[in-house]
Amino acid sequence: MTLSKPLAALLFAGAILIAGATVAEALHGAEAAKDRMGHMKALGKSSKAVFEQVKSGAPDMAVVKVEAGKIALASRQLPSWFPPGSGQKAEPKSHALPVIWTDMAGFETKAKAFAAAAARLDAATQSGDAAAVGPAFHDVGAACKGCHETFKEKDKT
Ligand code: HEC
């Protein structure tokens, strides 16, 4: 069977997309560090958005649902943002301290605590329980801080 030109072109483009996706999953070195910093910035934005709703005293649950969902998803992916070799030697702008890779078990414990808190926030928001959002968000914030104080260099957020 000979493929028509458009079909062959389509399959070729698909193969490139698949190759691209594979690369995206296996970022390393400076690229992984930059990718991670982007993810963390997004996490900061989502947290700020939830915080503003909580602070308002009458949270807009539609906003909270979207952002809590993003935080929960990110919390499950977070450990994959720290492949070995993506520290400050690879990317000097990184604030990821070397102790992440020498105490990976300790780091993963913090990541798990964060994922658990994020899942509770997500569950509270998805069920529409506005009163539970504040306390659940407080725990999420504590989990961010709990990791940052040991594993992130100080001078930023
Ligand atoms: C398990 C550890 C861990 C958890 C949990 C965690 N972070 Fe981070 N965060 C880090 C590390 C490490 C860095 C430094 C990354 C780098 O610079 O390479 C960082 C960086 C950041 C940055 C700075 C990004 C930049 O480059 O400007 C922000 C903002 C941030 N985190 C927000 C959050 C928020 C908000 C949460 C919780 C909702 C959170 N983080 C949870 C470890 C964590």
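For ligands, and for the atoms within them, numbers begin at 1 and follow the listed sequence. When reading the values below, keep in mind they use all heavy atoms of this one structure, side chains included, and skip hydrogens, waters and symmetry mates.
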Within reach of ligand 1, part of E153 (heavy-atom separation under 4.0 Å): neither
NZ on K154 to CD on E149, rounded to 0.5 Å: 7.0 Å
Minimum-distance atom from atom 8 (Fe) of ligand 1 among N, O or S atoms of H148: NE2
L97 and ligand 1 - part of the residue with a heavy-atom distance under 4.0 Å: neither
Heteroatom proximity flag, K110 to ligand 1, N/O under 3.5 Å: no
Where ligand 1 meets A111 - atom numbers and elements under 4.0 angstrom, heavy-atom basis: 1 (C)
Polar side-chain atom of S86 near backbone of F82 as donor-acceptor pair, under 3.5 Å: no
For ligand 1, the portion of S47 having any non-hydrogen atom under 4.0 Å away: side chain
For E52, salt bridge (charged side-chain N to carboxylate O under 4.0 Å, His left out) partners two or more places apart: K48
H39 and W81 aromatic ring geometry - parallel, tilted or perpendicular at 30°/60° bounds: parallel
Exam field: side chain S94 to backbone A90, donor-acceptor pair closer than 3.5 Å: no
Any residue meeting salt bridge (charged side-chain N to carboxylate O under 4.0 Å, His left out) with R36, in chain and number order, not counting sequence neighbours: none
Side-chain donor/acceptor of S46 to backbone N/O of L43, under 3.5 Å: no
Side chains of Q88 and P98 in contact at under 4.5 Å (non-hydrogen atoms): yes
Option of least heavy-atom distance to atom 5 (C) of ligand 1 (set: F51, F114, F107): F114
Ligand-side contact atoms (ligand 1) for residue partner I100, heavy atom cut-off under 4.0 Å: 12 (C)
Of the listed options K145, M40, M37, R36, closest to atom 22 (C) of ligand 1 (non-hydrogen atoms): M40
Identity of the nearest option to atom 4 (C) of ligand 1, non-hydrogen atoms only, from G38, A117, A115, C147: C147
Ligand 1 versus F151: contacting region, heavy-atom distance under 4.0 Å: backbone
